[in-house]
Amino acid sequence: MSKKNEQTSVSEVEIDIEDVLAIPGAESVMTPGEQSGGEEEKKPGIFSPMKTDTTFLDKPDDMNLPKEEVTPTDGDDTPPAGGDDNPLGEQDALPADTSFLDITGDDAPPVDDDEKNKGGRPTALVTAAKNLIKDGILMPFLDDKGEAEDISNYTAEDFTELFKANLENNSAVQEEQVATKFFQSLPPEMQQAYEYLANGGQDMKGMFSALAASTEMRALDISNENGQKSVIRAYLQSTNYGTPEEIEDEIYTLEDRGELEKKAKQFKPKLDNMQQQIVNQKVAAQEQRARQRAEQSQKYIESVYSTLEKGELNGLKLDNREQNMLYAGLTQSNYPSISGKQTNMLGHLLEKYQWVEPRHDLIAEALYLLADPEGYRKSISSTVEQDTTKKTMRTLKTEQQSRQSGSSQRENESSGTSQRKRQGIQKPKRNFFGRR
């Protein structure tokens, strides 16, 4: 068996790694100066701004303009400058006179002065408002002399206010008309009861009792014996004829004499009138009380105004805001009360600090002021004087302590100076006969 001799030789070989791996070199990178023509050009990217070509605005497109029709002439190629042969669309086709564009010229239609818009005023609205006022549908405002204002110079705000006022007035008139129709539709007894309630009547039981008695008396039938006796009995009771026994004896006497029907016919109108007078008296008395309350309310308002008008309240200065607050709080019923009625600020605050947000210290202080004004003011004055006296004494004590500390400091300084002087050695007196 033969053996092959294998020899291995080693040699150095240069290998380019870029050729093996195919790595692109710097020469394969495109630079801006290597494009064709030697001109530098950039390709637009996604975020590059778009440029719009607007050169067509400077020069009109010949395709969109009407072509000029040239009329052939003998030896003259220039088209005519005007006339009917000039086509539409050319600049020379427009007439030289453009005064028709001025709508305010002499050719403009005349405008009435009343129809002009003065200061932005809508003339159509003024005309419509005047027509409505003329027809009685719209009510104008009255001036200081009580005459109707001229609405020719009204602004939009003035018309808005006028329309709102008319709507409110119409609503109030309609409500009053409805209330009047409802009142007229009620029976006479209910009308009297309504008047009694409207005037603030409180004795509804007595009022309805009187109305019931009056209605019963009018409903009595005197065509029968029982009705006749009832009328005679009621009349004698109303006139205080006597005791019940005496009244019954009189009725029996009239029955024996056959005069029941006669007396019943005499007493019935008088009895009806008497019962109606009772009801009328109740209504009239309530109306009188209502008038008295109105007068008292007016006097109360005038008294509050005169009290606050001075700008001073028992020595306290009041500004305009405080005056208005106190006047409104005492004269205007703008707050609901626990009773279900309206009350003023005084009643509202009393109820609030009694029940809603209890502050009985304030309630007691207010009661103290209302029950004994002089004693309350004296108590307040004495408290102020005591506070002032305490502050004065405190100030005096502070000043006295300051003076004492200052004097003691000066004494210490003076004593220290004297001590320093005593600690020194006195200089011996010079002997004039001594040697020099």
In plain terms, say whether [X] and [Y] are close enough for a salt bridge, that is, a side-chain N and a carboxylate O under 4.0 Å apart.
{"X": "Asp272", "Y": "Lys268", "answer": "yes"}
{"X": "Glu374", "Y": "Lys378", "answer": "no"}
{"X": "Glu168", "Y": "Lys164", "answer": "no"}

For [Y], does its backbone N or O pair with a side-chain atom of [X] as donor and acceptor, under 3.5 Å?
{"X": "Ser297", "Y": "Arg293", "result": "no"}
{"X": "Asn273", "Y": "Pro269", "result": "no"}
{"X": "Tyr335", "Y": "Gly329", "result": "no"}
{"X": "Glu149", "Y": "Phe141", "result": "no"}
{"X": "Glu351", "Y": "Ile338", "result": "yes"}

Between Val173, Asn166, Leu167, which is the residue that forms a side chain to side chain contact (heavy atoms under 4.5 Å, CB included) with Asn169?
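Result: among Val173, Asn166, Leu167, Val173 is the only option passing the side chain to side chain contact (heavy atoms under 4.5 Å, CB included) with Asn169.
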Any side-chain heavy atom of Leu350 within less than 4.5 Å of one from Ile363?
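Yes; the side chains approach each other to less than 4.5 Å.
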Can Ser214 and Arg218 be counted as having a side-chain donor-acceptor contact under 3.5 angstrom?
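Judged by distance alone, the side chains do pair up.
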Parallel, tilted or perpendicular, as decided by the 30° and 60° cut-offs, for the rings of Tyr235 and Phe267:
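Ring orientation of Phe267 relative to Tyr235: parallel.
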Which residue, Lys282, Arg289, Gln288, forms the side-chain hydrogen bond (donor to acceptor under 3.5 Å, both in side chains) with Gln286?
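Checked Lys282, Arg289, Gln288 against Gln286; only one passes side-chain hydrogen bond (donor to acceptor under 3.5 Å, both in side chains): Arg289.
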